[in-house]
**Student:** 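Below you will find the structure I want to go over with you.
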Amino acid sequence: MGEEKEEEKKEEKKEPKEKIKIALYWAATCGGCDIATLDIDEKILDVVNIADIVLWPVAMDFKYEDVEKMEPKSIDVCLFNGAVRNSEHEEIAKMLREKSKVMIAFGSCACFGGIPGLGNVANREQIFKVAYKDTPSTVNPEFVTPQTEMMTNGGEKLTLPDFWDTVKTLDQTVDVDYYVPGCPPTVDRVLDAVGILAKYAETGELPPKGAVVAFDKNLCDECERKRDEEKKIKRIYRPHELKEIDPEKCLLDQGILCMGLATRGGCGARCINANMPCRGCYGPSPEIKDHGAAVLSAIASILGVEDETEMIDVGTPEEVEELLNQVKDPLGTFYRFTLPGSMLKRVIIKPEKEGGA
Amino acid sequence: MATEKKNFEPLIVGITCNWCTYAAADLAGTSRLKYPPNIRLIRVMCSSRIHPSFILYSFARGADGVFIGGCHPGECHYIDGNYKALRRIELLRRMLDQFGIEPERLRLEWCSAAEGAKFAREVTDFTAKLKELGPSPLRSE
Ligand code: SF4
Ligand code: SF4
Ligand code: SF4
Ligand code: FES
């Protein structure tokens, strides 16, 4: 099997076609997605065999000007990781979109907003206050914060990107052709993406627009744990609260909030295999528009109350209140990776009395 | 702002189950009971059919309030649909609060097919409460 594959590859290499041009870019990111790309190890050489890299800030030295000078659509594929949270991200996203035939949102941040997207529970003012004032390691009595423009003593104008109140997904900024979810995408799915590139280099064929490089099923379908189909959970535990977590039994059945039931499969259940619940990084299952609402719905319906049918008719029974109180921070839990891409996109912040932007 | 509030007519999306609250609304109509015209009713088969995303979508599209109606506990035609609805709505109200949307903008009521008067009363009361609250914070966005 392995040998066969090797041979196929050699054949591919025999007749090198004209190489495709690819760009890899990072916006509001942790860098993990670029590392995930390097995690494909020696297969990265396959990429180099079929593609010339024209921009990759994490690994190679290119200037934005070099890209700016390129003709429209002269890059074949752009792999864009990270969310869009400042004016520079937006500018480069638009530039790369113009220069690229295919735009791929790579990683959960680009696809749904990801972890940086949780910044949408606050606005710029609040984030600056924490980052440049309130953190214990910060000494900044004058509360100096980044300015978009300043003049040096030499009369030179220096500029910085404008930090926004709201984090956006890549497809809220530019048109996106394909999505590779995951925080970061797993090696197998990165290889699938490379496969798409290879096929494109070879034949010019591409998958249908909007395709997601993952599975078209829930994570639960991929998970091998035994589960109770009629499940009712009466108490919610955080993983550290349990002495032991049964590695064979569905985590939800053990009272641990696992988001597998509304999360897209494709990661190989990597957290579940490490005996940790799914936090939802692959985003909503196919056909689901709002990840948080779907998880909320699923979790709420399996929370169990004793003698439910005897519930009083008015208001919400105490038992239900108590059970729901165990779900700490529903917004942060259910939208951990998808807040900017959700229906409400962000938390509404009432303007302070003192004014401010 | 004050004048804005006075003339403000809240937009309410009502999603009610076929067997009870929708029937109650019908009865309110045929009995010529008066209630404010602010509510737009959508009929579903059971309150458990109301996915939280319907409610979020309503708010995202500018609803000032969402009214959910189902059968009284013990009377759901699909046995336990309304218990599920109750838990979902309660959890969603907590989450709406985190989103900066007043949880009172989402209301759940049980009205049987015979309770046309109750339906009219609840809608009247909800409309008045929403007038007090003012336009949804998402409307101005
Ligand atoms: S998706 Fe995850 S790994 Fe990739 S940049 Fe975002 S936070 Fe980092
Ligand atoms: S809820 Fe989690 S643990 Fe249970 S089957 Fe689904 S993915 Fe597996
Ligand atoms: S189990 Fe869930 S959180 Fe973990 S990698 Fe898979 S999708 Fe992401
Ligand atoms: S049928 Fe009315 S709530 Fe289920």
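Every chain is numbered from 1 and lettered A, B, ... according to where its sequence line falls, protein lines coming before strand lines.
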**Student:** Take a 6.0 Å sphere around CZ of Arg227(A) and say whether it holds more than 12 heavy atoms from other residues, nucleotides or ligands.
**Tutor:**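 Counting neighbours around CZ of Arg227(A), more than 12 heavy atoms of other residues, nucleotides or ligands fall under 6.0 Å, so yes.
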**Student:** Around atom OH of Tyr57(B), are there more than 12 heavy atoms of other residues, nucleotides or ligands at under 6.0 Å?
**Tutor:**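 Check fails, neighbour count at 12 or below.
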**Student:** Highest number of heavy-atom pairs under 4.5 Å with chain A: which of Ala85(B), Pro52(B), Ala60(B)?
**Tutor:**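 Between Ala85(B), Pro52(B), Ala60(B), the count favours Pro52(B).
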**Student:** How would you list, in number order, the residues of residues 326-335 of chain A that have a heavy atom less than 4.5 Å from chain B?
**Tutor:**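 Interface residues of residues 326-335 of chain A: Val327(A), Asp329(A), Pro330(A), Leu331(A), Phe334(A), Tyr335(A).
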**Student:** Take a 6.0 Å sphere around CD of Glu241(A) and say whether it holds more than 12 heavy atoms from other residues, nucleotides or ligands.
**Tutor:**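 More than 12 within 6.0 Å, yes.
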**Student:** Spell out the residues in residues 253-261 of chain A that have some non-hydrogen atom less than 4.5 Å away from a non-hydrogen atom of chain B, in order of number; otherwise answer 'none'.
**Tutor:**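 The stretch does not come within 4.5 Å of chain B.
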**Student:** Answer yes or no: does atom NZ of Lys118(B) have more than 12 heavy-atom neighbours from other residues, nucleotides or ligands under 6.0 Å?
**Tutor:**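 More than 12 within 6.0 Å, yes.
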**Student:** Atom CD in Glu90(B), atom CG in Leu303(A): separation rounded to 0.5 Å?
**Tutor:**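 Reported value, rounded in 0.5 Å steps: 12.5 Å.
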**Student:** Please classify the contact of Ile288(A) with chain B as side chain, backbone, both or neither, using a heavy-atom distance under 4.5 Å.
**Tutor:**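 Answer is neither: Ile288(A) stays 4.5 Å or more from chain B.
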**Student:** Please report the interatomic distance OG(Ser297(A)) to CZ(Phe54(B)), rounded to the nearest 0.5 Å.
**Tutor:**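 Interatomic distance, Ser297(A) OG to Phe54(B) CZ, rounded to 0.5 Å: 9.0 Å.
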**Student:** Is there side-chain contact between Leu86(B) and Pro317(A), with at least one heavy-atom pair below 4.5 Å?
**Tutor:**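 Yes - at least one pair of side-chain heavy atoms lies under 4.5 Å apart.
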**Student:** Go through the atoms of Ile55(B) and report whether side chain, backbone, both or neither lie under 4.5 Å from a heavy atom of chain A.
**Tutor:**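 Ile55(B) has no heavy atom closer than 4.5 Å to chain A.
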**Student:** Got a sec: does the CZ of Arg40(B) have more than 12 other heavy atoms crowding it under 6.0 Å?
**Tutor:**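 Correct, the count exceeds 12.
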**Student:** Rounded to the nearest 0.5 Å, what's the gap from NZ on Lys345(A) to CG on Leu138(B)? Could you check?
**Tutor:**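 If we round to the nearest 0.5 Å, Lys345(A):NZ and Leu138(B):CG are 9.5 Å apart.
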**Student:** CD1 of Ile348(A) to CZ of Phe59(B): how many Å apart, nearest 0.5 Å?
**Tutor:**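 Answer for the CD1-CZ pair, Ile348(A) versus Phe59(B), is 9.5 Å.
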**Student:** Kindly compute the distance separating OG (Ser58(B)) from CE (Met343(A)), expressed to the nearest 0.5 Å.
**Tutor:**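 It comes to 9.0 Å.
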**Student:** More than 12 non-hydrogen atoms from neighbouring residues, nucleotides or ligands closer than 6.0 Å to NZ on Lys226(A), yes or no?
**Tutor:**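 Not buried by this count: 12 neighbours or fewer within 6.0 Å.
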**Student:** With only heavy atoms counted, which part of Asn120(A) is less than 4.5 Å from chain B, the side chain, the backbone, both or neither?
**Tutor:**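 Neither part.
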**Student:** Backbone N or O of Ser301(A) within a donor-acceptor pair of the Arg87(B) side chain at under 3.5 Å?
**Tutor:**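 Checked: pair present.
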**Student:** So, do Asn325(A) and Arg94(B) sit near enough that their side-chain heavy atoms are less than 4.5 Å apart?
**Tutor:**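 Of all side-chain heavy-atom pairs linking Arg94(B) with Asn325(A), at least one is under 4.5 Å.
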**Student:** Should the heavy atoms of other residues, nucleotides or ligands under 6.0 Å from CZ of Arg238(A) be counted, would the total exceed 12?
**Tutor:**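 No, not enclosed.
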**Student:** Could you measure the distance from the CG atom of Leu324(A) to the CE atom of Met95(B)? Nearest 0.5 Å is fine.
**Tutor:**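 If we round to the nearest 0.5 Å, Leu324(A):CG and Met95(B):CE are 12.5 Å apart.
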